[in-house]
Amino acid sequence: MSIKPATYEAWAALAETELRGKPLDELLHDYGGLDIRPAYFAGDLPEEAAGAMPGEAPYTRGVRATMYANRPWTIRQYAGFSTAKESNAFYRQALERGQRGLSVAFDLATHRGYDSDHERVVGDVGKAGVAIDTIEDMKALFDGIPLGEMSVSMTMNGAVIPVLAMFIGAGEEQGVDQARLSGTIQNDILKEFMVRNTYIYPPEPSMRIVGDIIAHTAAHMPKFNSISISGYHMHEAGATAIQELAYTLADGVAYVRAAMDRGLDIDSFAPRLSFFFGIGMNFFVEVAKLRAARKLWADIMRDLGAKDPRSMMLRTHCQTSGVSLTEQDPLNNVVRTAYEAMAAVLGGTQSLHTNSFDEAIALPSETSSRIARNTQLILDHETGVSDVVDPLGGSYYVEALTAQLVARSGAMIEEVEANGGMVHAIEQGLPKREIEKAAAGRQARIDKGEDVIVGVNRYRLDKQDAIETLNIDNAKVRADQIASIEQVRATRNAAACDAALKALEDAAGSGEGNLLELAIPAAKARATLGEISMAMEKAFDRHHATTSVVSGVYAEAYRGDPEYAATQNKIAGFATANGRPPAIYIAKLGQDGHDRGAKVIATAFADLGFRVEMGELFETPQEAAAHAVERGVDAIGASSLAAGHTLLVPELIQALKAQGAEHILVFAGGVIPERDYEALRQAGVAEIFGPGTNVLEAANAALARIEGRPVNR
C-alpha cells in the first residue's frame, strides 16, 4: 500500500477548517526577509539534504564528521576589565571552573590606539575591557597562563598591530615561540567601518594591515587564526539574518582577495580563517544561519580556486546576542541566553561565548559570569545535545530554512560582487544604511508591540528588584595605568625604542615591509600601544566617518497609528507656536563607537518631526557642547553603551555651563545602571532612557521637558 506524502496544500485545506474563516495568511511570518510558513513537509527538503554527510563538503552538517560526539565546542567567556592584573585573576578562576579557552576584551582606549594617558580617553580606561598600554600589561594579563598550551582569542581590529605584536612578544618572553601560539585575532576592519566603528586608519591602509597579518601568520604562526570575520557586530547593530550572512561572507571574500593580491596561494592561509556570528532569539533561523554559512563559504572558496578541503571549511565562534538582553526583568536574560546557546550548538559552532544576564545594565559581575559559563557546561553535560552530530539535519523546516538563507544571502553577495565588491559597498555606505533601516524597523515593531519582548512590552513587572552590578573605579585604573606607562618609559632603552618606531613609520609611509613584523621589536623595546599606533598614523592619517541618519522607516512602520499621529501633532504644534521644530543633538561621547541606539533614536525623532543634529563619533564633552551651542538645539541626547556615562555626561553639563548654555537640556540613554540614576540627576540630567525604552514615550518625555512641562509617567 502506498502512502501519499503530505503537502502544504493538503495541510492548508485542513487548517482552514480550524481557522473558521480567519485568513491563513495570518499564520505566515516574515522574519527579516525570510518567508516562514506554519508547516513543512518532505517535499520541502532540498535535494542535497538526503546525501549530506557531516565532515564532507559543503559542510552544511558540520565541519567535522564526529563534531561534539568526539570533542565538545570550546567554552570561551569574552572578558576583560580594569587592569591586566585583575583580568588575569578572573581568567585563572574561570579556567579552574571549566572554561576551555580565553577571549580577551580590550577597553575602548586600547581599541582606538590611545594610551591611557591620552586626553581623549579620560572616561574609557578600563571600563568596557582591559587596558593594555605596553608589553608589561600583556605579560601581566597572561601571568601564570601557559601561552604554549592555551588558545587565546582577542577581539581587536583598530590597534591590531600593536596588540598582536605585544602578544607575540609576551609569548616569547614567556619562552613560547610564536610558532606555538594558538588562538585568533579578530582583525576584521571592514565591519568596523560598517557598524562597530573602532577603526583608526582609513580603509585602504587598514586593508594593508589585514594583509600583513595574514601574511605573517601564514609564514610564522601555523596554529594561529589570522582573522575572525565577524557578523556578530552586524547582528548587534540590527542586521537581519540574511544581511549578517551576506555581508560577513562578502567581507571574507574581500580579505581572501587582498591576501591573494599579495601573491599568497589561497590554500596557504585560508585554512586559518575563522568566522564569528551573533546568535539571536529566532531559534531555528539561527540554527539554519550557521548551516547556510558553511555551505555558502564552501562554494565561494571553491569558486575562488581553493583545493584544500580545510580552506573550504567555515569554522566559527558564536556569541549569544547582546541586543536581546533587556534591562527590564533582567533574570529573563538567563533564559534567553540559554536558548541562544542551544541554537549555536545545534547549528554546529566551534566555540561559544554566553553573555551574562546583567550586561544590559552594567559590566558583568562575577556571579552573572559564572551563570553564563555554567549555561554552557549544563548544555554540554546535561542535555544530551553533544551526543549526536547535527541532530536537526533532515528536519523539513530546518533544511528548507537553510536552503532559503543560502538562496537569499547568496543573491545579496552576488549583488555586492557585481557592484564592485565589499570595500566599494562600504565606501558607498550601502551595508551601513541597510542595517540601520533594519534596526529602526525592528525597534518600531517592538514599540508597537508587534514583536513581543517579555518584561518589556508585555508581562511587565510592577516592581523590579535591584540587581548587584560591577562598578569599575575608572579614575583609579587610569591613574595606575599612567604610573605604569611612566615607569616603562623611564626604564626602557630609548634609542632602541625610537629606532624601532622609526622603522615602522618608514615602512608605513613607503608601502614596503610587513608592519606586524616591524612592530614586534618595537613592542619588545617597550614602545607603548599609542606610540606604535601613532608611528603608522603619521603615514596613514586617522579615519573620520561621515555620519548620516536614515529616514522614513519609523514613520512607515507607524502609518495610521493614532498614538504616533498624536505625538506628531504635538511636535507640529510646538513648531507652529515657536516658528521652528524642537531640536536635539545626538552625541556619542568618548571612544564608544556602538551607535545602534543613537541612530535608532535619531531616525525615530526625525520622522516624528524633531530637527535632529547627529554629532560625530568620539566627541569629547567639550566638543559636543560646542557643537550643540553652534547648532542652536534645545537638548542633547548623550548615548552611552560603554560605562563612561558617570564621568562624561556630568562633564558635558559643565561644558554647557561654561559656554553659558545651561538652557540646553541633557538626556542620557543607553546601558546605565539604575544605581547611577540619582547621581546623574544630581548632576543635572533631565531624563534617563535605559535599554528597552519605548521611543514614542521617550519623544513625548523629551518634548515635555523642552516645553517646560512635567513628564507624566
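Of all heavy-atom pairs between N355 and T320, the closest is ND2-O, 2.5 Å. Listed here is the closest heavy atom pair of S409 and L296: CB-CD1, 4.0 Å. Between M281 and S324, the closest heavy-atom pair is CG-CB, 4.0 Å. Heavy-atom minimum distance, E623 versus F618: OE1-O, 4.2 Å. When all heavy atoms of E616 and A545 are compared, the closest pair comes out as OE1-O, 3.1 Å. What you find for I584 and G637 is that their closest heavy atoms are CG1-N, 3.9 Å.
In this structure, R681 is not positioned above the aromatic face of Y677 in the sense of NZ or CZ being under 6.0 Å from the six-membered ring centre and within 45° of the axis. A cation-pi arrangement is absent between R631 and Y585 under the rule of less than 6.0 angstrom and at most 45 degrees off the ring axis. Taking the centre and axis of the six-membered ring of Y558, the NZ or CZ atom of K448 falls inside the cone set by 45° and 6.0 Å.
In summary, the aromatic rings of F283 and Y339 are positioned with their centroids too far apart to meet the 6.0 Å limit.
Atom-to-atom distance recorded for F277:CZ and I229:CD1 is 8.5 Å, nearest 0.5 angstrom. Of the inter-residue distances, the one linking H645 atom NE2 with I672 atom CD1 reads 5.5 Å to the nearest 0.5 angstrom. Atom CD1 of I189 is separated from atom CZ of R196 by 9.5 Å, given to the nearest 0.5 angstrom. Separation of atoms CD (E236) and CD (E244) is listed at 9.0 Å; rounding is to 0.5 Å. Rounding to the nearest 0.5 Å places CG of D358 at 11.5 Å from CD of E327. Here the OG1-OH distance, from T248 to Y232, works out to 13.0 Å after rounding to the nearest 0.5 Å.
The main-chain N or O of A583 is found under 3.5 Å from a side-chain atom of D634 such that the two form a donor-acceptor pair. A donor-acceptor pair is defined here as one N or O able to donate and one able to accept, closer than 3.5 Å; no such pair exists between the side chain of T402 and the backbone of A292. The backbone N or O of A686 lies less than 3.5 Å from a partner atom in the side chain of R705, making a donor-acceptor pair. Proximity of a side-chain donor or acceptor of E359 to a complementary backbone N or O of P364 within less than 3.5 Å is not detected. Panel note: side chain S321, backbone G280; no donor-acceptor pair is recorded below 3.5 Å. Looking only at distances, no side-chain donor or acceptor of Q328 sits under 3.5 Å from a matching main-chain atom of R460. Under the 3.5 Å distance criterion, the side-chain polar atoms of Y255 are matched with a main-chain donor or acceptor of L190. A donor-acceptor contact shorter than 3.5 Å is absent between the side chain of T337 and the backbone of V334. No donor-acceptor pair under 3.5 Å is formed between the side chain of T620 and the backbone N or O of R120. With hydrogens and angles ignored, the 3.5 Å screen pairs a side-chain donor or acceptor of N197 with a backbone N or O of V195.
Taking the six-membered ring where the residue is Trp, F276 and H317 present tilted rings, their angle falling between 30° and 60°. Note: H233 and H594 have tilted aromatic rings, judged against thresholds of 30 and 60 degrees for the angle between ring planes.
In summary, the side chains of K437 and Q243 do not present any donor paired with an acceptor at a separation below 3.5 Å, with no hydrogens or angles considered. Between D124 and Q591, the side chains place no donor N or O within less than 3.5 Å of an acceptor N or O (distance only, hydrogens not considered). Between the side chains of S230 and D188, no donor-acceptor pair of N or O atoms lies under 3.5 Å. Side-chain contact check for E619 and H627: at least one donor-acceptor pair (N or O, by modelled atom type) lies under 3.5 Å.
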For this session: Determine, stepwise, if the pair F574 / K570 fulfils side chain to side chain contact (heavy atoms under 4.5 Å, CB included).
Result: CA-CA 6 Å; F574 178 98; K570 288 179 189 175; over 6 Å; no
Exercise. Does the side chain to side chain contact (heavy atoms under 4.5 Å, CB included) test come out yes or no for K127 and L108, once each step is laid out?
Worked result: CA-CA 8 Å; K127 273 292 192 180; L108 289 169; over 6 Å; no
For this session: Starting from the C-alpha separation in whole Å, work towards a yes-or-no answer on side chain to side chain contact (heavy atoms under 4.5 Å, CB included) for I586 and D595.
Result: CA-CA 10 Å; I586 305 296; D595 61 353; over 6 Å; no
For this session: For the pair L28 and D35, evaluate side chain to side chain contact (heavy atoms under 4.5 Å, CB included) and give the outcome as yes or no after the intermediate values.
Result: CA-CA 7 Å; L28 302 172; D35 300 319; over 6 Å; no
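In this structure the side chain of Q186 reaches within 4.5 angstrom of the side chain of K191, judged on heavy atoms. Contact annotation: the side chain of V335 never approaches that of F357 to less than 4.5 Å [non-hydrogen atoms, C-beta and beyond]. Under the 4.5 Å side-chain criterion, counting only non-hydrogen atoms from C-beta, V695 is in contact with I601. Here the side chains of M422 and M194 are in contact, with some heavy-atom distance below 4.5 Å. L249 is not listed as a side-chain neighbour of V253, based on a closest heavy-atom distance of 4.5 Å or more. Counting heavy atoms from C-beta on, the side chains of E707 and P582 never come closer than 4.5 Å. Residues R112 and R542 have side chains in contact (heavy-atom distance under 4.5 Å, counting atoms from C-beta outward). For the pair L617/Y199, a side-chain contact is recorded, criterion being any heavy-atom separation below 4.5 Å from C-beta on.
Annotation: E415, atom CD; neighbour count of heavy atoms from other residues, nucleotides and ligands within 6.0 Å does not exceed 12. The number of heavy-atom neighbours closer than 6.0 Å to OH of Y459, taken from other residues, nucleotides and ligands shown, is 12 or below. Annotation: Q622, atom CD; neighbour count of heavy atoms from other residues, nucleotides and ligands within 6.0 Å is above 12.
Test N333, N332, T326 against D329 for side chain to side chain donor-acceptor pair (under 3.5 Å) and you get one pass: N332.
Under 4.0 Å is where a charged nitrogen must lie from a carboxylate oxygen, and between R433 and E436 no such pair does.
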